[in-house]
Student: 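Here you go, one structure.
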Amino acid sequence: MADLLSVLSQYTILTGTAQYLSTLDIFHLALANSDCYSVILQSPRVFNHLKLTALCDGRGLAQRQEFYGIYSGLDFTQDAAKRKPKFEEEIEVRVWNRKCDAVNALPCLSCGINVCDECRFVPRVRDTNGRSSRRPHINTWFIITNVICYCTACDVNVEASLPLSLSEYCDCDQYTRWICLKCKLEEEKIHGLYRQKRTQPSREYWQSDPDMDRGRCLQSHGLLAYWCPCGKRPPVDSNVRCAWCKRRHNLKTWMMDEPSNYIPAFDDDPDRATTRVVWSVWFDDRREG
């Protein structure tokens with residue numbers, strides 16, 4: 001076994017072998033002995049190169065099939081003991097016939113680990129008609145979400161750190177965005193903390209400072225005051241940025257820049273349903289038997 005690890009620690013052999021391993025396999029290999037560790041993990045450049053050639057590990061699809069975490073959509077009643085669902089959830093029938101396309105994988109935009117189309121995070125079913133929430137900044141209830149505001153100094157630094165793009169404004173689409181489930185969950189956690197610590201609804205805000213006009217506020221079922229992550233208050237006319245890509249929103253068009261129920265990932269695919277299934281069968285005591 002020691003001889004095999006020594007052979008794999010040679011860079012030429014390692015790069016050829018990495019094409020048949022997942023990123024997690026490569027990481028475990030690096031921890032096998034000191035020779036592999038020195039070749040793989042001591043140089044971030046080498047490890048990043050190996051990640052680009054690695055296979056998708058298939059965990060994203062497995063979690064999707066198991067309705068794991070963010071994929072769970074059942075709306076339970078307040079009866080915590082019985083936990084009876086109010087209605088039958090729409091089931092993504094195709095997912096049970098899916099297989100991880102390990103070879104045709106692309107890097108997650110956040111961590112860089114290769115993930116295939118079936119394993120990346122994507123909503124399992126179509127949004128309800130009337131308003132699409134495929135864009136990050138507004139959901140079906142017209143509540144502003146996934147936006148972040150910076151003070152003047154921080155905003156300049158964020159703008160300078162953005163990668164080159166064909167668009168100066170946010171064009172994120174949750175149905176085409178290439179991100180693994182782990183990074184998506186971390187993203188949701190970070191933004192949840194930002195909303196909790198750095199925003200205040202108008203009523204609570206007025207109790208501590210009656211002047212709502214001194215900093216950036218957005219109308220979202222009432223005024224919502226924003227702070228920069230550094231703790232400073234952004235100017236009234238500060239940029240409103242996407243919490244996902246950190247690019248600016250065009251405030252002149254961001255609420256009406258596309259048809260409200262248009263979802264290209266579904267509408268432009270003839271093999272996918274164009275309308276969401278609505279169940280009218282409700283659970284009652286007679287069905288428990």
Side-chain angles (χ1 to χ4, degrees), residues 69-75 108-110 120-151 154-155 158-159 162 165 167-205 212 215-231 233-266 276:
I70 198 170
Y71 283 120
S72 177
L74 284 176
D75 183 12
C108 166
L109 59 85
S110 180
R120 70 185 176 98
F121 170 78
V122 65
R124 295 184 303 107
V125 293
R126 183 191 175 94
D127 284 332
T128 55
N129 285 332
R131 183 71 197 185
S132 166
S133 59
R134 74 181 183 91
R135 301 281 279 119
H137 57 278
I138 188 169
N139 60 23
T140 53
W141 297 279
F142 294 91
I143 298 175
I144 295 175
T145 59
N146 296 308
V147 300
I148 187 168
C149 300
Y150 294 94
C151 65
C154 291
D155 192 75
V158 169
E159 184 68 30
L162 293 177
S165 175
S167 174
E168 63 176 315
Y169 298 115
C170 166
D171 57 1
C172 292
D173 183 334
Q174 68 169 339
Y175 288 94
T176 59
R177 196 166 178 252
W178 215 272
I179 186 171
C180 69
L181 180 59
K182 181 179 179 181
C183 290
K184 178 62 180 178
L185 293 174
E186 185 66 20
E187 182 180 74
E188 292 289 317
K189 178 181 178 181
I190 292 174
H191 183 65
L193 289 174
Y194 172 77
R195 284 185 62 88
Q196 179 183 355
K197 302 293 186 180
R198 292 291 185 260
T199 64
Q200 282 282 7
S202 57
R203 291 181 181 177
E204 297 179 24
Y205 183 69
M212 289 289 287
R216 166 59 78 180
C217 294
L218 294 175
Q219 186 69 35
S220 179
H221 289 258
L223 283 178
L224 189 64
Y226 283 80
W227 277 260
C228 177
C230 73
R233 190 76 197 280
V236 175
D237 58 349
S238 63
N239 290 320
V240 177
R241 295 186 177 273
C242 172
W244 294 356
C245 68
K246 300 300 186 292
R247 296 196 178 280
R248 293 181 293 133
H249 281 297
N250 186 344
L251 299 185
K252 295 181 180 179
T253 61
W254 74 326
M255 295 296 180
M256 50 185 178
D257 57 354
E258 59 188 17
S260 60
N261 61 350
Y262 174 56
I263 304 178
F266 283 84
R276 181 185 175 97

Student: Quick check for you: to the nearest 0.5 Å, what is the distance between Leu185 atom CG and Ile179 atom CD1?
Tutor: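 Rounded to the nearest 0.5 Å, the CG-CD1 separation comes to 9.0 Å.
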Student: Return yes if some donor-acceptor pair links the side-chain N/O of Tyr194 with the main-chain N/O of Cys228 below 3.5 Å, else return no.
Tutor: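 No; zero donor-acceptor contacts below 3.5 Å.
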Student: Tell me whether Lys182 at atom NZ has more than 12 heavy atoms from other residues, nucleotides or ligands lying less than 6.0 Å away.
Tutor: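 Atom NZ in Lys182 is not crowded, with 12 or fewer foreign heavy atoms closer than 6.0 Å.
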Student: Does any non-hydrogen side-chain atom of Asn146 lie less than 4.5 Å from one of Trp244?
Tutor: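 A side-chain contact under 4.5 Å exists here.
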Student: Answer yes when Arg248 and Glu168 have at least one side-chain N-carboxylate O distance shorter than 4.0 Å, and no when they do not.
Tutor: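 Between Glu168 and Arg248 there is a salt bridge, with a charged N closer than 4.0 Å to a carboxylate O.
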Student: Please report the closest heavy-atom contact between Thr176 and Arg120, naming both atoms and the distance.
Tutor: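 For Thr176 versus Arg120, the nearest heavy atoms are C-NH1, 3.6 Å.
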Student: Go through the steps for Cys230 and Cys151 under the test side chain to side chain contact (heavy atoms under 4.5 Å, CB included), then give the verdict.
Tutor: CA-CA 8 Å; Cys230 73; Cys151 65; 3.8 Å; yes
Student: For Pro229 versus Cys149, what's the shortest heavy-atom pair and its separation?
Tutor: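 In this case the closest contact between Pro229 and Cys149 is CD-O, 3.8 Å.
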Student: Quick one, His249 with Val147, criterion side chain to side chain contact (heavy atoms under 4.5 Å, CB included). Give me CA distance, side-chain angles, the key distance, then yes/no.
Tutor: CA-CA 9 Å; His249 281 297; Val147 300; 4.1 Å; yes
Student: Taking C-beta and beyond as the side chain, do Arg247 and Ser165 meet within less than 4.5 Å on heavy atoms?
Tutor: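 The answer is yes; the side chains approach within 4.5 Å.
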Student: Which residues satisfy the salt bridge (charged side-chain N to carboxylate O under 4.0 Å, His left out) test with Arg198, sequence neighbours excluded?
Tutor: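 Applying salt bridge (charged side-chain N to carboxylate O under 4.0 Å, His left out) to Arg198 gives none.
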Student: Set out, in order, the CA-CA distance, both residues' side-chain angles and the distance that settles side chain to side chain contact (heavy atoms under 4.5 Å, CB included) for Arg177 and Asp173, then state yes or no.
Tutor: CA-CA 6 Å; Arg177 196 166 178 252; Asp173 183 334; 5.9 Å; no
Student: Identify the heavy atoms of Arg135 and Asp171 that sit nearest to each other, and give their distance.
Tutor: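 Heavy-atom minimum between the residues: NH1-C, 3.7 Å.
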Student: Decide yes or no for Leu218 and Val240: does some side-chain heavy atom of the first lie under 4.5 Å from some side-chain heavy atom of the second?
Tutor: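 Of all side-chain heavy-atom pairs linking Val240 with Leu218, at least one is under 4.5 Å.
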Student: Should Thr145 and His137 count as side-chain neighbours, where that means a heavy-atom distance under 4.5 Å?
Tutor: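 No; the side chains remain at least 4.5 Å from each other.
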Student: Answer yes or no: is there a donor N or O on one side and an acceptor on the other, between the side chain of Arg216 and the main chain of Ser238, under 3.5 Å?
Tutor: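 A pair under 3.5 Å: yes.
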Student: Residues in salt bridge (charged side-chain N to carboxylate O under 4.0 Å, His left out) with Lys184, at least two apart?
Tutor: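 Per chain and number, Lys184 pairs via salt bridge (charged side-chain N to carboxylate O under 4.0 Å, His left out) with Glu187, Glu188.
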Student: Check whether any side-chain heavy atom of Cys170 lies under 4.5 Å from a side-chain heavy atom of Pro136, and answer yes or no.
Tutor: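 Side-chain contact under 4.5 Å: yes.
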Student: Once rounded to the nearest 0.5 Å, what's the spacing between atom CG of Leu109 and atom CH2 of Trp178?
Tutor: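 Answer for the CG-CH2 pair, Leu109 versus Trp178, is 11.0 Å.
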Student: Which atom pair, heavy atoms only, marks the closest approach of Ile148 to Cys242?
Tutor: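 Looking at all heavy atoms of both residues, the closest pair is CG2-O, 4.1 Å.
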Student: For Arg241, give me all partners under salt bridge (charged side-chain N to carboxylate O under 4.0 Å, His left out), at least two apart in sequence or on another chain.
Tutor: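 Listed in chain order: Asp155, Glu159.
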Student: Any side-chain heavy atom of Trp227 sitting closer than 4.5 Å to one from Arg233?
Tutor: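 SC-SC contact between Trp227 and Arg233 confirmed.
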